[in-house]
Every structure is written in C-alpha cells, then in structure tokens.
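Some notes on the structure that comes next.
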Amino acid sequence: MARQSTLLEFLNASKRAKRAAGAGGSSPKGTRDTSRKEGGENREKRGEDRNLLEMLLSELNKKRVSAIIEDKAQKEGRDAAEVEERKPEQKRLEIHESVAREVSVEARVEGDETSKSGVEDGAAQDGKEEAKPVILGKHVFRPTRVSDKPLVKRPKRVLNTRGYILGVYYDGEEGKAYTKIVDENGEVVVVYDVYGHKPYFLTDLPPDKVRSIREIITHPSFDHLETVERMDLLLWRKVTMTKIVVKDPNAVRVLREKVPKAWEANIKYHHNYIYDLQLIPGMPYIVEAGKYKLAYKTGEEEAKKVYEIFADEDEETRRLAVDWIPLFEAPPPKPRMLALDIEVYTPFKGRIPDSNKAAYPVISVAFASNDGLRKVMILARPGLRFGEPTANYPADAEIEIFDSEVALILETIRLINNYEVVITFNGDNFDFPYLHNRAVKLGIPKSILPFRHTRDYISLHYGFHVDLYKLFSIKALQSYAFGSAYKEFTLDAISEALLGEHKIPVETSISDLTASELAAYNFRDAMLTLKLLTFNNYLVWKLVILLMRISKLPLEDVTRSQVSAWIRNLFYWEHRRRGLLIPRKEDLRLLKGEQKSAAVIKGRKYAGAIVLDAPAGVFFNVVVLDFASLYPSIIKKWNLSYETVNPEHCPGGKLVEVPDVGHRVCMSVRGITAQIVGLLRDFRVRVYKKKAKDKSLSEEERHWYDVVQAAMKVYINASYGVFGAENFPLYAPSVAESVTAIGRYTIKQTVRKAADLGLKVLYGDTDSLFLWAPSEDKLQELQRFVEENFGLELEVDKVYRFVAFSGRKKNYIGVYPDGKVEVKGVVAKKRNAPMFLKKAFGEVLELLGQASTPEEFLVVKKKIRDKLHEVYKRLKEKDFMLDELAIHMALTKPVNEYANIPPHVRAAIQLMQAGVHVMPGDVIVFVKVRSKDKVKAIQLAKLHEVDTDEYIKTVRTAFEQVLGAIGMSWDDIVGSTKLEAFFARRF
DNA sequence: GCGGACTGCTTACCT
DNA sequence: ACAGGTAAGCAGTCCGCG
C-alpha cells in the first residue's frame, strides 16, 4: 500500500497550489489594538515590540497555511473500511459543503500544481484569505490567515461599573491597589484605588519615639505616622498604636524590623486592602467614582427570619448572622470560561519536558469552553501522520493544522485573551510557563504575552487563571467537600472519581502519536479540565465562589491556598471589622502555648481523641450514635477562643475549668472564634441544610443551598485543627487541647451514662458510639442526657443489621438492613492492596451481605470457606495475572530522602536504574518476588518470579480481619486444604 | 551467628 | 502545612542463647 503522506507534505503541497493561484498574503491588521493603555509601561519599548510583532505577523500571513480536520466520514455514515481505503494522497479534494460555497474543485486535485480555480480568486477579491475547506479522506483542511482579532488585551480601567469582584492586586508601577471585576457585560475591568489607601503596620511605640528612629523616617518609602486605637483581646483593653504608613508594601518588610514590636506587619498588602475596605471577593458590587457598594440587599423578610432563628444568641451575634445572609444568598457570577491543555514534543520517553528550558515545540493545544468552543490546534511536523480517527476522536471539535509553531502560539494567546476565566490542570507549573518560555524563545515579544507572573503562581493580564491541580490538591476540599473520593491529585484520578471519565490511555510517547490520536488525547484533557469546574451545574465553581465569600480571599488566592489560609483571612477580616488588634504570633505562643496533655503518639503535641476498645465478633442490630459536629460544637458551647482560654483578664469574671487539662475559660464575654465557628455551624444546621432539602424551592435553588452548606462544612470541620497547627498565625495549643479534652470528657461521661441505663456500648471513636440492640426509650434518654448536660446533639447516625468487628480499633464491617456493606479500615480495602485481594475480598463481602440472621451465617461461612480455598489454590498455582498481584504505593518524597528503604522505594530505585523518571506523588507498582530485593517494579517482573508464600501471608492478614469476626480462622481453611491434599494423594 | 523483641520509619486509614 | 489515633509492613538494632 502506498505510504501515507505526512501533514507537512500536504501543507507544502497546498502552499504551492496557492502560490500558483497568486493568492499572496496581505498586510496584517492584527496589531491595531495592541496599543491599549496599560499603566505606566515603557512606550518606546512597546513601540519596538509592536514593530517586531508586525514583522512577525506579516511574515506569518505570507507563509501560514492552516487547516481543519473534521470527522466528515462519520457525518456521512461512511464505514471504516472505506475510510481505510481512502488514503489522503490518492483521494480527491472536495469542498466542504457546510462552510464553503458550492464550488467543484474535483479538477484541481490530482497534482496540486495544476489545481487552481476560482475559489482562491474569490477570496482574494474580498481582500481576505477566507477559509476554503477541502476534504482529504476523512479530514477537512482549511487554509486560513492569522486573524485580525487583537493579540494584546488588557482589562479596561474604569471608575464606574457593576460586577463581581474576583481579584484584588497591587500595581507596583503605579503604587496602587486595584480590583479586577467581571462586569455586567461579562468583560474584565479594573478599578484602581481612589481612597488613597497605603501600606502600613502598627507599633506600640508612641509617634515621637518612632520619629526618633532615623531609619524609619528617612526611608524613601516612609509616608507618615498616625495614631490609632485598637482593642487588644489578649490584654482585654483598648490600646493606642502608632500606624507607620509607607508608600510601598516592600518597605513594611524592612521597617518592621526597626521597631521593637510590630503588629499586622506580616499581611500581604492586597489582603490588607480587602480588610480595610471590608471587601468581599466573589460578591456583586456597584462601583461609583471608584467607590464600592455591595450590590445585594437582604430582603426584610429574610433578615427577620434569620434574626428569629438565632433568637437564643446575644444581640451582636444575631446582627452578625443577618449581615452574613448576602454571602449565601447573592447569586454566583457566570463568566465565560476556557479550559486549555498543551502537549509538548519530547524525544525522551516518560519524561516531562522542562518548562524552564522549553526546548521542544508545542505540538498541540486543545481548548474547551463553556460557550461552546471545542478546538484542537496541531503543529504539522516532519513525519507526523493523521492515522485513522479512533473511537475517541473528537468529532464535535474543530481541528486546525498549523505549519508554524509561532502561529499556533499566537492563536493560543488570542484565545486566552478572549476569556474571563482560563482553566488549566497544572498551568501554574507547566502549561503557562512552557508557553511563555517557548514564545520568548521563538521571538514573540514579551509584551504581547498574556501571562502575569506573580511570586506564587501565573496570573493573566486580562482574565483569571484557575489551576485545577492546585484547587483539587487542597486537602480540606478533598476530604470534606468530595468525601475523599479521589486519592491522587492527577487529572485522571480526579476525573474518574468526580466525573466517571478517564484520560485517553497512551501506550507510547505523546510524541509518537498520529495527529488524530494526539487531537483526541489532548482534547479529552481540555474537556475534563472544563468539566471538573462546571460539572453538575457548576458545582465546583459555585463552591469556589462561596469559599471566596466566606474567606474574603480573591479567586486566584482561594484556589491556591489551603484551608488554614482561608480561616486566617476570615478571622483577620473580622478583626479589622471590629477594630480589634490582630495578635502577634509570638504573644499568642507566650500566653496560649501552655500544654498540659501528652500525646499518645510520639512526636505529636497534645492528646487527641479517645478510641474505645473494639470487640471481636458479629453483633446484630447495632445503632451508631454520633455527636453532631462535636469539635465545632464544643468550641461554641465552651466559648473557646484564643482570648478566652487562660485569659489575662476576664471581664465579668465567670471562669470555668476544662476537664483533664485544667485550662480556665472566660465565659462572660463572647470569644471571637467561638462566635464565628458557632455561627457557621448554626447557619449550616438551622438554615442551609434545611434549604437544601426544601421541596418548595426550585431544583436550581436547592442545588445552590447544598453547595452553601458544603462550603460551610469545610470551614467548620477544619476550624478545630488550625488552632493546633503550628503554622497557623492564631496557633493556640491550649485552645486545641481544650477541644479534644472536652471531647474525651463528653464521650466518657456518655459511655458511663449509657452503662447506667443498661445500654451495651460495643465501640466508639472520637464522637461515635456503637450500641448493641438499644431500646428506643433508653436511647432517647441518653440523647436527653447529652443535650441537658453538654448542650450537644447526639444523633442516630446509622443503623446496621449487623456489624462484624475484628477486635481491632478503626476496623469493622457494617451491613445495613438492605444488604449494603460498609467497610472501615480493613487492609484488603486499602488503596495499596493487590487487585486479586480486593476482588476476593469484595466477593466475600457480598456473601456476608447475604446473611440477615445468625442462622444464615452458617451457610455464608461455608461459602466464604470455599471462596478462600479457591484463592489459596490459585495463588499456589500462580493462576493470576501479574498486575492482579501488583501492590500500589505512593512515594511521598524524593527517593534519596528516605531514611529507610521500604519495598516500594526499592522498586522505585530499580525503575530509576532502568531510566524511568520517578517523583514524589508517583504511585509505584510492584510485585513481591523471590530475589535479593524481595520486590520488583511490575515493569521489570515476570510471573514465574512471584513469591507465592509472601502473597499467602498477605491474604492471611487481610482475611483474618473478617474471619476473626465470624468465628473462623485462616488456619482452618488452609488446614482443610492440606487435609484435602493429604487425602487426595492417598486415595 | 541466629532469631525474637523491640524501636522507628513509612503508608494508609478513621474520626 | 488543619488535628491526633490505629494498624500494618518492614528495616534495623539489641540481646540472649548456644
């Protein structure tokens, strides 16, 4: 069969054809808009860049040919065999009827040189090279020119607008803070500060003392001094502070060292701006003459309702509750969003190209947007073939072939500039730096690039950049918002868990794919990236907006920082609102650092929760009770806050002592963290969990309220932990250990009461109690006891038909009345367990679910015995595939940083020696073999090397966790095998 | 020199 | 860089025994 022609060969042929027809390039117009005003940039430099760019574009327009491929065959219902037969170079070109005018060009197909007719001339008459698509086999090519749309786009600077504040930044050149807003037309605009706000920090030195510090007042950035009053919660009194105002945020870092004590000197300037203006990122605003007004008003009815719901709270808390309503009620913005993903050529298999060097071409860029753009742009290069479109081929996407990498990147820039929100997966560390560095390398002037590099991430001049890798890596989101559905932070794992979709598997290197495979692969990634932010009616986007509103952090910050940064910002903002001095970390450490409990685990700072001993055996009719959000409720009920625990001064003098650890808590004034955590908790329980289920609301509204309660949950669940985290600026060990101590006290007292009532407590962990066949009235009495004595809710969390306990803590199997099985902590369920084990375990669980009475257990036990028998036999006979035996384990750090060399690291070393690149986060897949290393990376192993005995040991430990519970033992099973074998031999 | 007891490191889980 | 508690596998060491 004839050799398939490559893309480049085809493109060159087209060019020759075009030249023959005299359709030359015209002068570019695409640069007209590049001179948009931008604060304070060097004009001359820009002029040079513009000339450079014009030359570049003019050159490109002369040379450039691009094309579109479409899945024409599919549309026309041709079968695969015919497609196979229609090799491009043997086939004729046709006009694509849906786009082009009805012009037959059959004549000019064979032999490109001769093939010219009126089509191109028609285009020339328009003064434009309009797209003239031609079909080539399955693909349609469309020669086009570099478009006229502006390459450089900067947000318009305005003083009056309406829209959502999504960003707050500092412009170093102009020395001003500015907000970035998606306005009501869906365009990004910026509003520069008109308040004359300047960076500052505080000191307790009086102004005259500060004036005597020459280094401060002679500093070029020094502006002036002010005297301000703040409430110091640590001392519980008003303090007079000197505000040292400067012209440049960097000066704060220098000058804070020149005073003995500095306050509020470790706050990023753009955050400080948010606090002082009391801005709420994510909310709609009206801006008039540069001044901000919230564009959402709570209805009187709604305000009244909430005020009544919080009737048991003090007046201040009730007002705060009403103030918070808009955060949860204002509708979210719906900007246009573009997801993009790039693919880069690399001659090295299995290695990610270095984005700093950007040494190899960008070979493909895929786009998917929420306004319907579906596009892949592919670079034609020597040897690149179309191949046949596979099952994954993106039939609905426009596929454009470029013969110039510069043109491809310019088009990418244009598209990035056309959207308000640009979504990537790992764009901060790969796609954007690669595009940037590659563009520079190819001579594209820096000034036209859309990327704005900040210290921590890559932003955009025009729109906002959301890097989903960063977003989904936020631990609190992973566990509290997505229920730990995904365990690895890869596009594939996250998509699988949340969308039920996968990346397209690639056997070889990306660089070896045909154009249609590359298009499919690349496009799928872009599509998954878009979907992750927009699936389920924009669930994740709505969540992000709510997280912004609660934390008061801008979009690009909130999607890139962990929960402690959100909570910190929320507290700082509330401090500023109330005129409170934000405490210094060292003062907190000094006053709140006292720890009275010892951790069970070495290396931890204080004692945590209690886990009751678990029995071994099967128990029917088990009711699981749990304390509704125990720790946040404790924080609220016990008024725990950094200023109320072991206070210097307790106005009102009402102190209570924390059991076990003996810290004293001031109850006569409201603790700030107790109030905020309590309010979020109560809002969630009393208002939004209910609204999320309210059938009188529309589905759209319920969806929104469900996201509202989920966002609150993230904050609530993380609220205790941050006070025990050393890096949290409000770190207060005495607060953290008070929470857990009260938790231990509460559960202990409840267990005691249960025993008094004659209830049988089987097990309990932190905030849960497993009761064996409790009577309804005693159960209610226990709940009443908890409510009356601790002010906490003890809820029925779940009811099991039976629970099989293995005798180990955090390890049991519960079976619901409907036969659904829930497995906790059992090794066979863990991520690293080999597949054959998981499968066998799943089958055993299914059998277990069949038992609904103790009698039925006898039957089930027999079945389980047979099943395990079979597994044992198959292992002995090595009747498994290698990958069924594979153990998966993640590297948490670079291989050379391990003190011990555990098996998975040994396997990783083997891979490195074989030339495979391994990084932290990589999951190493290995099998146990009979060799010196005892393990082998699966890529290097053979089935016959497998160490059967080791696997039998694994199976034994795994199943003993179940067998023990149901009165069986592994030895019985293996024993009977031996017995059987014994008899088999004899008779 | 061998093997069991022990400690520490590591991962994955539970709440 | 939100917390502590539990299980399990394995590396390495100590110590008693012969």
Side-chain angles (χ1 to χ4, degrees), chain A residues 473-480 483-484 487-488 561-568 595 597-614 624 626-627 629-632 635 677 714-733 735-741 743-744 747 763-770 797 806-812 822-833 887-893 897-906 908 920-921 923-924 928 933-935 950 953-954 956-958 960-961:
Chain A
S473 300
I474 299 170
K475 307 272 165 37
L477 279 190
Q478 181 198 16
S479 49
Y480 304 134
S484 299
K487 305 266 149 71
E488 290 162 61
S561 51
Q562 297 288 337
V563 70
S564 65
W566 307 348
I567 296 180
R568 177 200 66 210
Q595 276 161 242
S597 62
V600 172
I601 306 166
K602 221 202 286 184
R604 305 254 155 121
K605 293 170 298 232
Y606 57 89
I610 281 188
V611 186
L612 304 182
D613 280 329
V624 182
D626 86 339
F627 292 90
S629 42
L630 179 67
Y631 287 176
I635 290 173
V677 172
V714 177
Y715 283 88
I716 294 161
N717 285 349
S719 62
Y720 139 74
V722 293
F723 289 105
E726 268 169 289
N727 289 319
F728 187 60
L730 300 176
Y731 172 55
V735 174
E737 73 170 353
S738 294
V739 176
T740 56
R744 293 193 297 274
I747 197 166
Y763 173 64
D765 184 350
T766 311
D767 61 354
S768 66
L769 288 175
F770 288 60
D797 182 29
S806 66
R808 297 157 183 79
K809 294 174 175 182
K810 300 180 190 286
N811 189 300
Y812 60 86
E822 195 169 63
V823 186
K824 296 288 182 184
V826 177
V827 292
K829 186 199 153 188
K830 295 194 177 182
R831 163 154 71 112
N832 52 8
I887 297 160
H888 299 242
M889 210 172 280
L891 286 178
T892 56
K893 49 191 171 188
E897 284 176 26
Y898 280 86
N900 282 342
I901 309 293
H904 69 292
V905 179
R906 225 173 305 138
V923 176
I924 306 296
K928 296 188 175 186
D933 272 1
K934 289 187 187 168
V935 294
E950 277 298 317
K953 267 195 226 165
T954 310
R956 183 196 173 118
T957 14
E960 270 177 351
Q961 297 185 353

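The chains referred to below are lettered A, B, ... by the order of the sequence lines, with proteins before strands, and numbering in each begins at 1.
In the 5' to 3' direction, nucleotides of DNA chain C lying under 4.0 Å from heavy atoms of chain A begin and end at C:dA1 to C:dA11.
Legend: residues meeting side chain to side chain donor-acceptor pair (under 3.5 Å) with A:K810, ordered by chain and number and at least two apart, are A:D765. Residues meeting the side chain to side chain donor-acceptor pair (under 3.5 Å) test with A:S597, sequence neighbours left out: A:E737. With sequence neighbours excluded, the residues forming a side-chain contact (heavy atoms from CB on, under 4.5 Å) with A:K830 are A:N832, listed by chain and number. By the side-chain contact (heavy atoms from CB on, under 4.5 Å) test, A:K829 is found to be paired with A:V823, residues two or more places apart in sequence or in another chain being considered. In this structure A:V827 satisfies the side-chain contact (heavy atoms from CB on, under 4.5 Å) test together with A:A958, A:Q961, sequence neighbours excluded. Listed by chain and number, the residues in a side-chain contact (heavy atoms from CB on, under 4.5 Å) with A:K934 are A:R906 (sequence neighbours excluded). Residues meeting the salt bridge (charged side-chain N to carboxylate O under 4.0 Å, His left out) test with A:R831, sequence neighbours left out: A:E488.
Aromatic rings from A:F770 and A:Y812 are positioned such that their centres are separated by under 6.0 Å.
Across all strands, A:Y606 comes closer than 4.0 Å only to sugar-phosphate atoms, never to a base (heavy-atom distances). Backbone-only engagement by A:I901 is indicated by non-hydrogen atom pairs under 4.0 Å involving sugar-phosphate atoms exclusively. Using a 4.0 Å heavy-atom criterion, one finds that A:Q961 contacts the sugar-phosphate atoms exclusively. When heavy atoms are screened at a 4.0 angstrom cut-off, A:K953 is found touching no nucleic acid atom at all. Within the 4.0 angstrom heavy-atom criterion, base atoms lie near A:A718. Residue contacts for A:G608: at a heavy-atom cut-off of 4.0 Å it reaches the sugar-phosphate backbone alone, with no base atom in range. In this structure, A:T957 reaches the sugar-phosphate backbone alone: every heavy-atom distance under 4.0 Å involves primed, P, OP1 or OP2 atoms, never a base.
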### Task
For each nucleotide in nucleotides 10-15 of chain B, reading 5' to 3', give B when a protein heavy atom comes within less than 4.0 Å of its base, S when such contact involves only the sugar-phosphate, and - otherwise.
SSBSBS

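Two residues, A:V600 and A:A725, neighbour DNA chain C, and the one matched to the more 5' nucleotide by heavy-atom proximity is A:A725. For A:A598 and A:V722, each mapped to the nucleotide of DNA chain C holding its nearest heavy atom, the one lying further toward the 5' end belongs to A:V722.
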### Task
Any chance you could lay out the side-chain contact (heavy atoms from CB on, under 4.5 Å) test for A:L769 and A:I747, step after step, and finish with the verdict?
CA-CA 8 Å; A:L769 288 175; A:I747 197 166; 4.0 Å; yes

